[in-house]
There are 4 protein chains.
Amino acid sequence: MTTSTKRNIKKQQILDAAEKVFANYGFANTKMEKVASEAGISKGTVYFYYDTKENLYMALTYQAIQFLIDRFYQVLDEQRAYPGIEGSLALVHSYLQFCEKNPLYADLMLDYMTVNRTTRDGMDTNRLTAALQDSIYYRKIQDIQNIPISLITQEIKRGVEDGSILNKQQPELLYLLAWSSTIGFVKLNSAAGKRQSLLNVDVDVWRTQLLAQMRQMLLVTSFELV
Amino acid sequence: MTTSTKRNIKKQQILDAAEKVFANYGFANTKMEKVASEAGISKGTVYFYYDTKENLYMALTYQAIQFLIDRFYQVLDEQRAYPGIEGSLALVHSYLQFCEKNPLYADLMLDYMTVNRTTRDGMDTNRLTAALQDSIYYRKIQDIQNIPISLITQEIKRGVEDGSILNKQQPELLYLLAWSSTIGFVKLNSAAGKRQSLLNVDVDVWRTQLLAQMRQMLLVTSFELV
Amino acid sequence: MTTSTKRNIKKQQILDAAEKVFANYGFANTKMEKVASEAGISKGTVYFYYDTKENLYMALTYQAIQFLIDRFYQVLDEQRAYPGIEGSLALVHSYLQFCEKNPLYADLMLDYMTVNRTTRDGMDTNRLTAALQDSIYYRKIQDIQNIPISLITQEIKRGVEDGSILNKQQPELLYLLAWSSTIGFVKLNSAAGKRQSLLNVDVDVWRTQLLAQMRQMLLVTSFELV
Amino acid sequence: MTTSTKRNIKKQQILDAAEKVFANYGFANTKMEKVASEAGISKGTVYFYYDTKENLYMALTYQAIQFLIDRFYQVLDEQRAYPGIEGSLALVHSYLQFCEKNPLYADLMLDYMTVNRTTRDGMDTNRLTAALQDSIYYRKIQDIQNIPISLITQEIKRGVEDGSILNKQQPELLYLLAWSSTIGFVKLNSAAGKRQSLLNVDVDVWRTQLLAQMRQMLLVTSFELV
DNA sequence: CATGAATGAGGCTTCATTCAT
DNA sequence: GATGAATGAAGCCTCATTCAT
């Protein structure tokens, strides 16, 4: 095993540990010591691989987006032979699974958006935001951030073109409707606690309805306005 | 003006300031000093009215829920003459407005759920959670937490009974679908920044579609499964 | 009732309250708010009469010494007809009662001695000590501090002269032996708690033995050295 | 030198520094920053070894009692061949030396007794007391607190049995008389300041008399009541 | 490279004191 | 005079980060 490989394994171990800890405590309440102990190493070593807490967080964000992109390509590959609506729903489904696997993923992307925003707006950038933007991973994410969105909207367009999707709204709008539903679903479930069923509603039924609603949306020509 | 009234006014001023600061920085990055200066008073005075940061946060949560409940009652009063579907959608709409007015409100409730959860589960309660549960407002919230949900599900039931809502799913499920969509919508918009339109989609169009989708949902007998 | 009289009554109420609170919590852990509430008045009023916490403490010290002096004169008056040994022991006894009535009295005098000492030594005077020395009562105490000691040593001398006291040691030494026993007795009892008997020894027996030991001491010509 | 050894050395250095500072300023006026600088380290390091000020104080208390116990065993070992009265007086003497070496030791034990008392009584436990009781050392002290008393009373009993001690009072009572004298002696001397002689009485003479008085006490059959 | 002790800036909170009413 | 809200200096403690071994 090369030195580089060993380094990468260790980096991955840290990332895995960080994922657990950030997911349980959130960014602010996560202690580097806890990440280290979760990874079975010392604090110093964590700092050897990730020089700030913010950098570690951004590395995790980068990885999450990479995973999502990989998954999306895989789904697209599987769905190539089917109509666009199936590919689109499969993408949404895989995104939902992705977020359910670890609610942190949804937060990571939301946080990235927030950080990214303050770069543009002239907002009073606080220390935290500035530190996040300093991360090398911040730049790396900027290069790939649009890929998931791009893949999904392209698939919707394919569905519109092959006639399987009837809704003629902007693909981006359709994506936002799906994305926000997913985020809300994940947020509520995560806040309620994984074991707990919210309002006595079965989570599986809920998820199924959510997806059914999305299909419905793609099949409808237009919505009546409220 | 009585002494008690003056006290309440000051408490409200602090709460207003806290709302701004928590909304901008989140709980962890909010400094009591900042809340004080935002309220135009000194740090000590903030502590005179709210003895911990956590208590201030919970007071805000309590107020948010109270506001929501007040708004709900008002909406229900206005919708009394109309069929249940209109009342239900009006409630959802008012909830959406409520969260859009200040995205912090959505977070407050989500955070409350998380805190509340650790009370039930035997989770490894951290310092923050424990402090939040110590707040007098935590107890007060427990007494009213179920009212919004109850009001909305009752209105859905009225709609089912008067025949305006055709979907025969559990009202709770319908509520969750609406609730999660709303949270996702608010979260995404707040992350993107108020001035920024996400993916070049007009927010008003997005919101309209969201509500249309909800009406659709209530009018459909049942969804096809994916 | 004159204005001046009313003032004095109020000052005395505050002093009484302060006595209770200082006795229960010690100087550092006593809050002016607590003194005020104990006196049934507001914090501002306490400050109207005693402009610093240290001043209040020194006022209490002054009063304690005054009380002790008054008591000593009274005892001396009662004992005038009896031999000096009886007068001396009666003084010691009254001192013991004085300290037992409120253990704070012993502390007040000890603290005064400490504060007084740092005036002489070139010690690194801390803020607290400096503030105590600033009190107007500090000066007043300086004028009367030696009276109790003087009264007791004079009475011992009278006993030596009238032949009732056989111990020819310095009266000051005899006083110190009595004084330190008393302080130790009070300290231990106060630490143990008033209701609690220490090591299952009856406090009354202990006190009796203590006084017997002192009489013994005055009656003995000289001690064997250890 | 092992890691564990180094840690213990550092812990001891901090304890030594804390001893000086607490002795000079008392608990309330001691600043952790001062302890740190006295130890030649930073505040953070102090907290690395002792997580609260109260814990540090209790650690010191524990050490003081341990030292006393060690000293007592040593004295008992030396006195094994001599009659019980000599052993008893030697113990008292060593206790006196122990307290004179650092008056803080007497305070530590007194404070411990006070803290311990509020555990039993249903007293309105204040923050400080609660924090002291939370210390891990508080528990450790509870396990050894009775040893010094036990050793001394046993030695007195030995003296009674071998006929060297004639006083037939409870050994516990005799111990209390000795203990309180010692505490009073130390308190007065510490308040007066080490360099200062109180009332122009030579401290060595005073101490000698104190010990002579104790021997006297053990040799007397019974005291006349006052 | 790994460790874990050491650092110190930063933030929460307390409470003596002040001051407007 | 009395009140109690307002102030802010001061001190405890946390924890990201550094660094000697």
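Only heavy atoms go into these numbers, but all of them, side chains included; no hydrogens, no water, no symmetry mates. Chain naming here is simple, since letters A, B, ... match the order of the sequence lines and numbering starts at 1 in each.
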Quiz item: Given Watson-Crick or G-U pairs with both distances under 3.5 Å, what dot-bracket string fits DNA chain E, with | for other-strand pairs and [ ] for crossing?
Solution: .||||||||||||||||||||
Which whole-number value in Å describes the distance from [X] [atom1] to [N] [atom2]?
X         : N       : atom1 : atom2 : value
Arg7(D)   : dT3(E)  : CZ    : C1'   : 13 Å
Lys31(C)  : dC15(E) : NZ    : P     : 4 Å
Leu128(D) : dT14(E) : CG    : C1'   : 14 Å
Tyr47(C)  : dC15(E) : OH    : P     : 12 Å
Leu56(C)  : dA16(E) : CG    : C1'   : 12 Å
Asp51(A)  : dA2(E)  : CG    : P     : 15 Å
Lys53(D)  : dC12(E) : NZ    : P     : 21 Å
Asn55(C)  : dA16(E) : CG    : P     : 15 Å

Quiz item: Starting at the 5' end of DNA chain E, which residue's closest nucleotide do you reach first, Gly40(D) or Thr52(B)?
Solution: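 It is Gly40(D), whose closest nucleotide lies nearer the 5' terminus.
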Practice problem: For Glu54(C) and for Gly44(D), find the nucleotide of DNA chain E with the closest heavy atom, then tell me which residue's nucleotide is more 5'. | Solution: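 Closer to the 5' end of DNA chain E: Gly44(D).
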Exercise. For a ring pair (Phe, Tyr, Trp, His ring centres under 6.0 Å) with Tyr57(C), tell me which candidate from Phe22(C), Tyr137(C), Tyr112(C) qualifies.
Key: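 Among Phe22(C), Tyr137(C), Tyr112(C), the one meeting ring pair (Phe, Tyr, Trp, His ring centres under 6.0 Å) with Tyr57(C) is Phe22(C).
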Can a side-chain donor-acceptor contact be found between [Y] and [X] if the only test is distance below 3.5 angstrom?
X         : Y         : answer
Glu19(B)  : Tyr105(B) : yes
Asn55(B)  : Tyr138(B) : no
Asn8(B)   : Gln12(B)  : no
Thr114(B) : Asp111(B) : no

Quiz item: How would you label the contact of Tyr50(B) with the nucleic acid (heavy atoms, under 4.0 Å): base, sugar-phosphate, or nothing?
Solution: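 Here Tyr50(B) touches no strand at all.
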Quiz item: With a 4.0 Å cut-off on heavy atoms, is Ser37(A) in touch with a base, just the backbone sugar-phosphate, or nothing at all?
Solution: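 Contact class for Ser37(A): none.
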Exercise. Examine dT7(E): is either OP1 or OP2 under 4.0 Å from a nitrogen or oxygen in the side chain of Thr45(D)? Give yes or no.
Key: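 For Thr45(D), the contact criterion (side-chain N or O under 4.0 Å from OP1 or OP2 of dT7(E)) is met.
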Row check, [Y] ring normal vs [X] NZ/CZ: under 6.0 Å, within 45°:
X         : Y        : answer
Lys11(C)  : Tyr50(C) : yes
Lys53(A)  : Phe27(A) : yes
Lys140(C) : Tyr62(C) : yes

Practice problem: Give the first and the last nucleotide of DNA chain F, reading 5' to 3', that has any atom under 4.0 Å from a heavy atom of chain D. | Solution: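 Listed 5' to 3', the contact boundaries are dG11(F) to dT14(F).
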Quiz item: Want to settle it: does Tyr49(B) or Met32(D) sit nearer the 5' end of DNA chain F, counting the closest nucleotide to each?
Solution: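 Its nearest nucleotide being more 5', the pick is Tyr49(B).
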Self-check item: Pairwise distance CD(Glu54(A)) to CG(Leu128(A)) - rounded to 0.5 angstrom
Solution: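 Rounded to the nearest 0.5 Å, the CD-CG separation comes to 5.5 Å.
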Quiz item: Do any pairs count as a salt bridge (Lys or Arg N to Asp or Glu O under 4.0 Å) and have a residue in residues 37-52 of chain C, sequence neighbours left out, and if so which ones?
Solution: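 Listed by first then second residue: Lys20(C)-Glu38(C), Glu33(C)-Lys43(C).
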Quiz prompt | Nucleotide nearest Ser42(D) when distance is taken to its side chain, options dT7(E), dA16(E), dC12(E) | solution =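 Nearest to the side-chain atoms of Ser42(D), counting from C-beta on, is dT7(E).
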Quiz item: Side chain of Phe48(D): nearest nucleotide among dG4(E), dT3(E), dC12(E)?
Solution: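 For Phe48(D), the side-chain atoms sit closest to dG4(E).
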Quiz item: Quick one: does Lys43(B) reach the base of dT13(E) with a side-chain donor-acceptor pair under 3.5 Å?
Solution: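 Such a pair exists between side chain and base.
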